[in-house]
Number of protein chains: 2
Amino acid sequence: MPRAATASDVFNAIAEPQRRDILTLLRTGERPATDVARALGLTQPGTSKHLRVLREVGLVQDRRAGKQRIYRLDARGLRVIHEWTGGFERFWSESFDRLESYVQDMKHTSEGASHE
Amino acid sequence: MPRAATASDVFNAIAEPQRRDILTLLRTGERPATDVARALGLTQPGTSKHLRVLREVGLVQDRRAGKQRIYRLDARGLRVIHEWTGGFERFWSESFDRLESYVQDMKHTSEGASHE
DNA sequence: ATGACGCTTTCCTATATGGGCATATGATAG
DNA sequence: CTATCATATGCCCATATAGGAAAGCGTCAT
């Protein structure tokens, strides 16, 4: 079984680099689809598909403007990810320390009794 | 072409719910592989595969302890994700406001001229 | 050495996915 | 109504999964 459906999971939606690029680009303001494609050097159909996924998970909203379809960032969905990773924040500094003390322990141990 | 290799991209690694569960579990302390499987109700080989992915992207570290292999969280890799999503933080509240004013506009418009 | 335990790897399969291309849909202009 | 521009879809392919089952190590006890 492959990964869970991209279209229903924000984590999955941003697992694709190009989609992250699109979101980053849209931070500078809303844009018509073709603009997005051009700005990022992507094909038009490809961009459209990525935008569709982003739309389905709610990370962008779209609006009609004549022939164009304007896409706008709706970053609220990223919050859950920010918070989930935030739950690990205290381990970022800690793990360095722990690793070092672990290495120290190993040194001592092997100095005391030199069995590997 | 499918998504970029899971094993090289942290975004991809945490796109899989079970792997997120594993990471969350490991926040409570290191555990032997079987323990992880049991605690989460996963199959043992499946767990092993997920742990391998997490190991390859550096989110966990492993250590031998007799017959067992102890897995430990190394959350440093999550930092980049936290920071990336953090770049969108200011849009979280903003988008609500914008959405509301947009809804207001719509109301006014359709009140003025009742065409849908 | 033998066996049991803990875990990893290998096969195999079903299914998403992303990319390219052609085509369809939608809206506006003439 | 037709041509045209802006996007979206459909189709086909190659590839990466995740899952299940079975077999392959490495380690420890006897």
Side-chain angles (χ1 to χ4, degrees), chain A residues 1-23 25-26 30-73 115-116, chain B residues 1-23 25-26 30-57 59-72 115-116:
Chain A
M1 210 181 283
R3 219 178 309 239
T6 288
S8 56
D9 183 23
V10 184
F11 282 89
N12 238 313
I14 67 158
E16 159 61 57
Q18 298 183 147
R19 285 198 287 264
R20 290 202 293 276
D21 291 343
I22 292 177
L23 292 176
L25 175 66
L26 289 180
E30 54 180 26
R31 299 209 186 208
T34 305
D35 244 62
V36 174
R38 227 178 351 88
L40 299 176
L42 308 176
T43 69
Q44 182 270 314
T47 306
S48 184
K49 288 172 193 168
H50 284 313
L51 284 170
R52 191 229 242 275
V53 172
L54 292 172
R55 195 192 321 144
E56 284 174 344
V57 299
L59 286 174
V60 301
Q61 294 185 8
D62 62 308
R63 159 173 68 90
R64 275 263 169 62
K67 297 193 259 192
Q68 299 185 310
R69 187 175 286 252
I70 314 284
Y71 280 89
R72 184 157 57 83
L73 178 65
H115 55 75
E116 24 90 54
Chain B
M1 209 181 283
R3 219 179 307 240
T6 288
S8 56
D9 181 23
V10 184
F11 281 90
N12 240 312
I14 66 157
E16 159 60 56
Q18 297 182 149
R19 284 197 287 264
R20 291 201 293 276
D21 291 343
I22 292 177
L23 293 176
L25 175 66
L26 289 179
E30 55 181 27
R31 299 209 187 208
T34 306
D35 244 61
V36 174
R38 230 178 350 89
L40 298 177
L42 308 177
T43 69
Q44 184 269 311
T47 306
S48 185
K49 288 174 194 166
H50 284 314
L51 284 171
R52 190 227 241 279
V53 172
L54 292 173
R55 195 192 321 143
E56 283 173 345
V57 299
L59 286 174
V60 301
Q61 293 186 9
D62 62 310
R63 158 172 69 89
R64 275 262 168 62
K67 296 192 258 194
Q68 299 185 310
R69 188 175 286 252
I70 315 283
Y71 281 89
R72 184 156 59 83
H115 54 75
E116 25 91 55

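Because the structure is predicted, anything quoted here is derived from the model rather than measured. Naming convention: chains lettered A, B, ... in sequence-line order (proteins, then strands); numbering from 1 in each chain.
Salt bridge status for A/E16 with A/R20: absent, with no side-chain N to carboxylate O gap under 4.0 Å.
Not one N or O on the side chain of A/S48 forms a donor-acceptor pair closer than 3.5 Å with the backbone of A/Q44. Not one N or O on the side chain of B/R64 forms a donor-acceptor pair closer than 3.5 Å with the backbone of B/R69.
In this model, the phosphate group of C/dG18 is approached by a side-chain N or O of A/R19 to a distance below 4.0 Å at OP1 or OP2. Taking 4.0 angstrom as the limit, A/R55 places a side-chain polar atom (N or O) nearer than this to OP1 or OP2 of D/dA8. Residue A/Y71 places at least one side-chain N or O under 4.0 Å from the OP1 or OP2 atom of D/dA8.
Mapping A/Q18 and B/L51 onto DNA chain C via the closest heavy atom, the residue that lands nearer the 5' end is B/L51. Comparing A/S48 and B/H50, the nucleotide of DNA chain D nearest to each residue sits closer to the 5' end for A/S48.
Using a 4.0 Å heavy-atom distance criterion, B/P32 is classed as a sugar-phosphate-only contact. Backbone-only contact: A/T43 has heavy atoms under 4.0 Å from sugar-phosphate atoms and none from a base. Among the heavy atoms of the strands lying under 4.0 Å from B/G66 are primed sugar atoms or P, OP1, OP2 only; no base atom is included. When heavy atoms are screened at a 4.0 angstrom cut-off, A/Q44 is found touching base atoms of the nucleic acid. A/R38 comes within 4.0 angstrom of no nucleic acid atom, judged by non-hydrogen atoms across all strands.
Taking atom NZ of B/K49 as the reference point, atom P of D/dA22 lies 13 Å away to the nearest angstrom. Between A/I70 atom CD1 and D/dA8 atom P there is a gap of 11 Å when expressed in whole angstrom units. Between the P atom of D/dA6 and the CZ atom of A/R31 lies a distance of 16 Å, rounded to the nearest Å. The distance between atom CG of B/D62 and atom P of D/dG26, rounded to the nearest whole Å, is 15 Å. Following rounding to the nearest Å, A/R69 (CZ) and D/dT9 (P) show an atom-to-atom distance of 8 Å. Per the geometry, CD1 belonging to A/I14 stands 13 Å off P belonging to C/dG18, to the nearest Å. In this structure, A/E16 places its CD atom 18 Å from P of C/dA16, rounding to the nearest Å. Summarising the geometry, the separation between CG on B/L42 and C1' on D/dG20 is reported as 14 Å, rounded to the nearest angstrom.
The only option from A/L26, A/L42, A/L40 that meets the side chain to side chain contact (heavy atoms under 4.5 Å, CB included) definition with A/D21 turns out to be A/L40.
Put simply, the side chain of A/R19 reaches to within 4.5 Å of the side chain of A/V53, judged on heavy atoms.
Taking the side chain of B/R52 as heavy atoms from C-beta on, and the options C/dT9, C/dA27, C/dC21, the nearest nucleotide is C/dT9. Distance from the side chain of B/K67 is smallest for D/dC28 among the nucleotides D/dA8, D/dC28, D/dG19. Of all nucleotides listed (C/dT9, C/dG18, C/dG26), C/dG26 comes nearest to the side chain of A/R64.
In summary, the side chains of A/R63 and A/Y71 do not present any donor paired with an acceptor at a separation below 3.5 Å, with no hydrogens or angles considered.
Checked by distance alone, A/Q68 brings no side-chain donor or acceptor within 3.5 Å of a matching partner on the base of C/dA27.
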